[in-house]
Amino acid sequence: MSESSLIEKMEYARDHAAVVDLSYTLEERMPAWPTQARYGSVVYESYEFGDPAIHSMITMSEHTGTHIDAPRHFVPGGRPVDELPVTTVMGRGVRIDASFLKPRETLSLEKVREFEAENGEVKRGDIILLRFGWDEKYALQPHCAGFPKDWPGLSGEAAEYFLGKKAAAVGCDTLSLDAFGDASNVCHHTLLGHGIPIIENICNLSKLPAFSYVVGLPNKFKGGSGSPIRLVAFVEK
């Protein structure tokens, strides 16, 4: 493909696709996993103090907000986030609605296959996006009591299915892909254990059709177990 034709295709996509932001704003008081560092920001210099510019120091967990889990997160010797190919989260997004689940329930393989029967099969390299509707509970502390508990998740059987399909990544709009209270972390071990990253705390999945084009770029934290990710979907207008 020539440079001119590539630019034309990119311009066409820009003019004919709507962009849906799937990432939360990183800010203080956002909900977080209980044992992980909270997001914090401290202004170090500012024109309000007489300095020529403003900048802040940011502190946070690698798994803050909308983020990606690299295999190293659960797998000793697993690939860290800086070694994930830059194209890892670039491809067809498959949005599967699971908002009918009750708290702590899991999405079964049967329901995944029902989705495929209605919409088309999951393919190699797809980015699976599971909509549990949990982003509707999202709020800043102290108003987020319903968000960081009792969320539903993906069943181990369905995780094995996505592994067999060679999905590029599997994401969700909850704090974890495993249902709240599942100490086995079966989905993390199944997927991360075979090199498939997990994306958590996604928002706005209700705005996506069954299929879209998804792009996500994590930070290259050296040896990192994960990273916040700016995740977007391109949807035909």
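D135 places no side-chain N or O within 3.5 Å of a backbone atom of C203 that could act as its donor or acceptor partner. S155 contributes a side-chain N or O that, together with a main-chain N or O of A158, makes up a donor-acceptor pair within less than 3.5 Å. Looking only at distances, no side-chain donor or acceptor of T25 sits under 3.5 Å from a matching main-chain atom of E27. Without hydrogens or angle criteria, D126 side chain to I128 main chain gives no donor-acceptor distance under 3.5 Å. Listed for the D173 side chain is a donor-acceptor partner under 3.5 Å among the backbone atoms of G133. Side-chain atoms of N119 never come within 3.5 Å of backbone atoms of E116 as a donor-acceptor pair (strictly under, hydrogens ignored). No donor-acceptor distance shorter than 3.5 angstrom exists from the side chain of R131 to the backbone of A98, with no hydrogens or angles considered. Side-chain N or O atoms of S23 include one that pairs as donor or acceptor with a backbone N or O of I229 at under 3.5 Å. D82 places a side-chain N or O within donor-acceptor distance of the main-chain N or O of G223, the cut-off being under 3.5 Å.
The local environment of CD in E118 is sparse, with at most 12 non-hydrogen atoms from other residues, nucleotides or ligands closer than 6.0 Å. By the neighbour-count criterion of 12 heavy atoms within 6.0 Å, atom CD of E11 is densely surrounded, having more than that number from other residues, nucleotides or ligands.
Taking 4.0 Å as the cut-off between side-chain N and carboxylate O, E28 and R38 do not count as a salt-bridged pair. Here K111 pairs with E114 in a salt bridge; the nearest charged N to carboxylate O distance falls below 4.0 Å.
Counting heavy atoms from C-beta on, the side chains of L205 and K207 never come closer than 4.5 Å. Side-chain contact between P34 and K149 is absent, with no heavy-atom pair separated by less than 4.5 Å. Between S99 and F132 the shortest side-chain heavy-atom distance does not fall below 4.5 Å. Between N219 and V81 the shortest side-chain heavy-atom distance does not fall below 4.5 Å. Side-chain contact between L129 and I96 is absent, with no heavy-atom pair separated by less than 4.5 Å. Contact check for W134 versus P152: side-chain heavy atoms found under the 4.5 Å cut-off. Within the 4.5 Å cutoff, side-chain heavy atoms of L130 are placed close to those of L107. A heavy-atom distance below 4.5 Å is found between the side chains of L191 and L177.
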Problem set entry | Verdict with reasoning, E121 to K165, per salt bridge (charged side-chain N to carboxylate O under 4.0 Å, His left out) | CA-CA 10 Å; E121 289 190 12; K165 286 283 189 173; 3.3 Å; yes
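Judged purely by distance below 3.5 Å, without hydrogens or angles, the side chains of E62 and S225 pair a donor atom with an acceptor atom.
Closest heavy-atom contact between A168 and G125: CB-O, 3.5 Å. When every heavy atom of P52 is checked against every heavy atom of Y47, the shortest pair comes out as O-CD2, 4.5 Å. Closest non-hydrogen pair, A179 versus E105, comes out as CB-O, 4.1 Å. Across K137 and F147, no two heavy atoms sit closer than the pair O-CB, 3.6 Å. Closest of all the heavy-atom pairs between H194 and L163 is CB-CD1, 3.4 Å. Residues L84 and A70 approach most closely at CD1-CB, 4.4 Å, considering heavy atoms.
From I196, atom CD1 reaches atom SG of C187 across 11.5 Å, with rounding to the nearest 0.5 Å. With rounding to the nearest 0.5 Å, the separation of CD1 in I68 from CG in N201 is 13.0 Å. The OG1 atom of T190 sits 8.0 Å away from atom CG of D178, with the distance rounded to the nearest 0.5 Å. For the atom pair L22 CG and I202 CD1, the distance stands at 6.5 Å (nearest 0.5 Å). How far OH of Y24 is from CG of L26: 12.0 Å, rounded to the nearest 0.5 Å. In this structure, NZ in K166 is found 5.5 Å from CZ in R124, a value given to the nearest 0.5 Å.
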Just list the side-chain donor-acceptor pairs under 3.5 Å for residues 230-237, sequence neighbours left out, or say none.
unit_1 : atom_1 : unit_2 : atom_2 : d
R230   : NE     : D21    : OD1    : 3.4
R230   : NH2    : D21    : OD2    : 2.8
K237   : NZ     : D15    : O      : 3.4

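Side-chain heavy atoms closer than 4.5 Å link hydrophobic residues (I, L, V, M, F, W, Y) into clusters, and following such links, even through other members, never connects I198 to L175.
Sequence neighbours left out, the pairs with a member in residues 52-84 that pass ring pair (Phe, Tyr, Trp, His ring centres under 6.0 Å) are H63-H67, H63-H73, F74-H188, F74-H189. Screening residues 161-184 for ring pair (Phe, Tyr, Trp, His ring centres under 6.0 Å), with sequence neighbours left out, gives W151-F180.
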